[in-house]
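As structure tokens, the structure follows; a few thoughts come after it.
No hydrogens, no waters, no symmetry mates; every other heavy atom, side chains included, goes into these values. Residue numbers begin at 1 in each chain, while the letters A, B, ... track the order of the sequences.
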Amino acid sequence: MLIRSMNITSIIQQSVIEAVQELYGAMIASDSVQITATRKDFQGDYTVVTFPFTKLSGKKPEDIGIELGNFLVARVPHITDYNVVKGFLNLVISDRFWIDFLQAIYENEDYGCKPLSGEKAMVEFSSPNTNKPLHLGHIRNILLGWSTYKILEASGFEVTRVQIVNDRGIAICKSMLAWQKFGEGATPESSGIKSDHFVGRFYVLFEKRFKEEYKAWQQTEPAKQILAPWLLDAKNLSKAAKWAEDEKKKLLEKGLPVEEADFTPEAYFFKEVYKNTYFNEYSALGKEAKAMLLRWEAGDPATLELWRQMNSWVYAGFNDTYNKLGVVFDKLYFESDTYLLGKDTVEEGLQHGVFYKKPDGSVWIDLEDAGLDHKVVLRSDGTSVYITQDIGTAQLRYRDFGVKRMIYVVADEQNYHFQVLFEIMKRLKEPYSEGLHHLSYGMVDLPSGKMKSREGTVVDADDLIAEVIQEARNDSSERDTLADLSVAEQNAIMQKIGLAALKFHIIKVHPKKRMTFDPKESVDLQGQTGPYIQNAYVRIRSVIRKAEQLGSLAAAAEYAQTEPAEKELLAQLYAFPEVIETAGKEYDPSHIAAYCYNLAKLFHRFYHDHSILGAANEAARDFRLMLSMATGNVLRKGMDLLGIEMPDRM
RNA sequence: GGCUCCGUAGCUUAAUGGAUAGAGCAUCUGACUACGGAUCAGAAGGUUAGAGGUUCGAGUCCUCUCGGAGUCACCA
């Protein structure tokens, strides 16, 4: 009985340990027993690698394989046969085992998921700035965050979904100022523009006006006086020359004309070297924006009102995008509430010697023995920096929810920041410090190069979503499978297909890898795509609809001999819980994506080669129906873990 | 320059240290009076950036070189 409820691979593992002890008198650890699914070209279901046992037994790997094989067949009920190829012992599992397994799971819609364990986790994702709409980079972030939440939940955690909204600072002040100066009282309603895009336009407008102002200033006498000495330094000139070379190369690669661009040292100076200084010290617009930030910090009512107005527009727009992506949050943390947090902790840590104070009054931490650097946590004027706020926010979250695991979904440009943050939390002896994890993901590039919001080369999230849905619609119009449905029903299906294409295309890539996003490929509906997997599911639904009057499926129990295509499917279904476990342990949804694709592929092949409803006998038909139902459930669950919905028809 | 990450077919990518590196796209060839062809089967395409090393066994671990990215703020 116990054996029945245990995982077959753990049974094999345990049995191998016993075998090694009985045959060779050696104790081995369970992780030295390597068990994998047998490769397709060989006979068998599971493979034990016998190379590691050569030393302790003094025998050849082949002989060990034979001895272990005999032992396992004699001792383990469901192992019926074995064969040995070099150091690989291939074990054959009985059809009975697989058929029993299928009986046990085919109606269980939560197969693969663990019950709640009482442990709590938190996932922070999306976390946008409130000065412009969401773009492709946010989409990767959101998909990873959402999927991580789903996977952790399936792993038994109670998960809280949060974002930290960067709703304050100079960026939003730029949008506010541009609206105040140039907006003429326009609103998203009056202009008919989606409200977050509306705010984003003013951010862009600010940058445009600032550039014009800067350009004009460059012709003035003070500018020339600043430039002249810089031009005399040979080091500067060589830097400028290198910059010019790099820029020219980039243009050539993109096939853009080189002649029109300005690559003089002057251009380099004003573009790359002096821009920030100009903004901070000379710019009239810069001065106004900074003044606005000061008024905001001082709590000036009119400024706060404008700020609330602009942000509420942005939130309405964000929510619309989140809705389209099927994403919700349990709690929002606003930077305007949290940016002063952490200071008390630093003061306290200062007493305990975790931090130290420099003569100028700034407070630091020495992390050199952890392979890191010295890091400032309070400025000399006593105000806090970015990391101070993160210290306080982590503590606040622990107080709010009691979570011992916090996952931050943030791009890899902040790797160092999180290394430092987590090290600080450890030294502060926070009870959850071991459970902090940075889910770091690579930035998204376009075939034409990097996305840069200032250069207008970002892919907008709303545009992209609309585009993939339109592509699904175009493709569907060439078929007539949905003609009897209402327009609303058809639209709902198009949305599921288009989003599946987009989401799967992004989430199938390992998070850590920087990815090149080709819009043309993201709307593909064939091959290794979301719609391919949906299509397998739709086929299953269609068969089940046709089979509904058949009743009990009792004859499946009499099915005796499985076909290879069926066993491959069974073995893949059997692996589902383990895949969820791995994805959860590694915080890596791409495992689930690969799994779903492989399962769909196996099903498509099985479906093509074997008739389900027209099977030779009732036993085979019922068995195959069960197998289809189980596959459908797992596909739906697996895709749900990626945030992808399955249509019943398409 | 220091530190970190990445480099796999033309392109996008997969592979708890294990068998002949697995897919998809694109290219070429087949399979539709069909349980839904958004499918299936096949061909062709690889010195896993390069050189050493550890190991019975290396795409994976170690060292170096080359190429790309990120970071090294009293910015966030």
Query raised in the report: Under 4.0 Å: is that the gap between some side-chain N or O of A/R605 and OP1 or OP2 of B/U39?
Result: no
Query - Nearest heavy-atom neighbours spanning A/W364 and A/V376 - result: CE3-N, 3.4 Å
**Report entry** No-hydrogen, no-angle side-chain donor-acceptor test under 3.5 Å, A/T47 and A/N90
**Finding:** yes
Please list, one pair per line, the donor and acceptor atoms closer than 3.5 Å that link side chains of residues 496-506 of chain A to other protein atoms, with sequence neighbours excluded.
residue: A/K503; atom: NZ; partner: A/L325; partner atom: O; Å: 2.8
residue: A/K503; atom: NZ; partner: A/G643; partner atom: O; Å: 2.7

Query raised in the report: Which nucleotide in the list B/U39, B/C25, B/A14 gets nearest to the side chain of A/V509?
Result: B/A14
Output one line per pair: protein atom, nucleotide atom from nucleotides 1-6 of chain B, and distance, for all N/O pairs under 3.5 Å.
residue: B/C5; atom: O3'; partner: A/K512; partner atom: NZ; Å: 3.3
residue: B/C6; atom: OP1; partner: A/K512; partner atom: NZ; Å: 2.9

Query raised in the report: Hey, which of these two, A/D373 or A/Q526, hits RNA chain B nearer its 5' end, going by closest nucleotide?
Result: A/Q526
Query - NZ/NE/NH1/NH2 to OD/OE distance under 4.0 Å, A/E207 and A/K174 - result: yes
**Report entry** Touch class at under 4.0 angstrom, heavy-atom based, for A/H510 against every strand present
**Finding:** sugar-phosphate
Query raised in the report: Using Watson-Crick and G-U wobble pairs whose two distances are both under 3.5 Å, how do you write the pairing of RNA chain B as dot-bracket, with | for links to another strand?
Result: (((((((..((((....[...)))).(((((.......))))).....(((((..]....))))))))))))....
Kindly give the atom pairs (protein nitrogen or oxygen, nucleotide nitrogen or oxygen) under 3.5 Å for nucleotides 18-23 of chain B.
residue: B/G18; atom: N7; partner: A/Q34; partner atom: OE1; Å: 2.8
residue: B/A19; atom: OP2; partner: A/R39; partner atom: NH1; Å: 2.8
residue: B/A19; atom: N6; partner: A/T47; partner atom: OG1; Å: 2.9
residue: B/A19; atom: N6; partner: A/N90; partner atom: OD1; Å: 3.1
residue: B/A19; atom: N1; partner: A/N90; partner atom: OD1; Å: 3.4
residue: B/A23; atom: O2'; partner: A/Q528; partner atom: NE2; Å: 3.4
residue: B/A23; atom: O2'; partner: A/Y597; partner atom: OH; Å: 3.1

Query raised in the report: When you compare B/G7 with B/G53, how far apart are their P atoms, in angstrom units rounded to a whole number?
Result: 23 Å
Every protein N/O lying under 3.5 Å from an N/O of nucleotides 35-37 of chain B:
residue: B/C35; atom: O2; partner: A/L613; partner atom: N; Å: 3.4
residue: B/C35; atom: N3; partner: A/I612; partner atom: N; Å: 3.1
residue: B/C35; atom: N4; partner: A/Y607; partner atom: O; Å: 2.4
residue: B/C35; atom: N4; partner: A/H610; partner atom: O; Å: 2.6
residue: B/G36; atom: OP1; partner: A/S542; partner atom: OG; Å: 2.7
residue: B/G36; atom: OP2; partner: A/K546; partner atom: NZ; Å: 3.1
residue: B/G36; atom: O5'; partner: A/Y607; partner atom: OH; Å: 3.4
residue: B/G36; atom: O2'; partner: A/R539; partner atom: NE; Å: 3.1
residue: B/G36; atom: O6; partner: A/M650; partner atom: N; Å: 3.2
residue: B/G36; atom: N1; partner: A/M650; partner atom: O; Å: 2.5
residue: B/G36; atom: N2; partner: A/T481; partner atom: OG1; Å: 3.4
residue: B/G36; atom: N2; partner: A/M650; partner atom: O; Å: 2.9
residue: B/G37; atom: OP2; partner: A/R539; partner atom: NE; Å: 3.4
residue: B/G37; atom: OP2; partner: A/R539; partner atom: NH2; Å: 2.1

Report task. May I have all residue pairs that pass ring-ring contact (aromatic ring centres under 6.0 Å, His included) and include part of residues 576-602 of chain A, sequence neighbours excluded? Result -> A/H437-A/Y587, A/Y532-A/Y597, A/F576-A/Y595
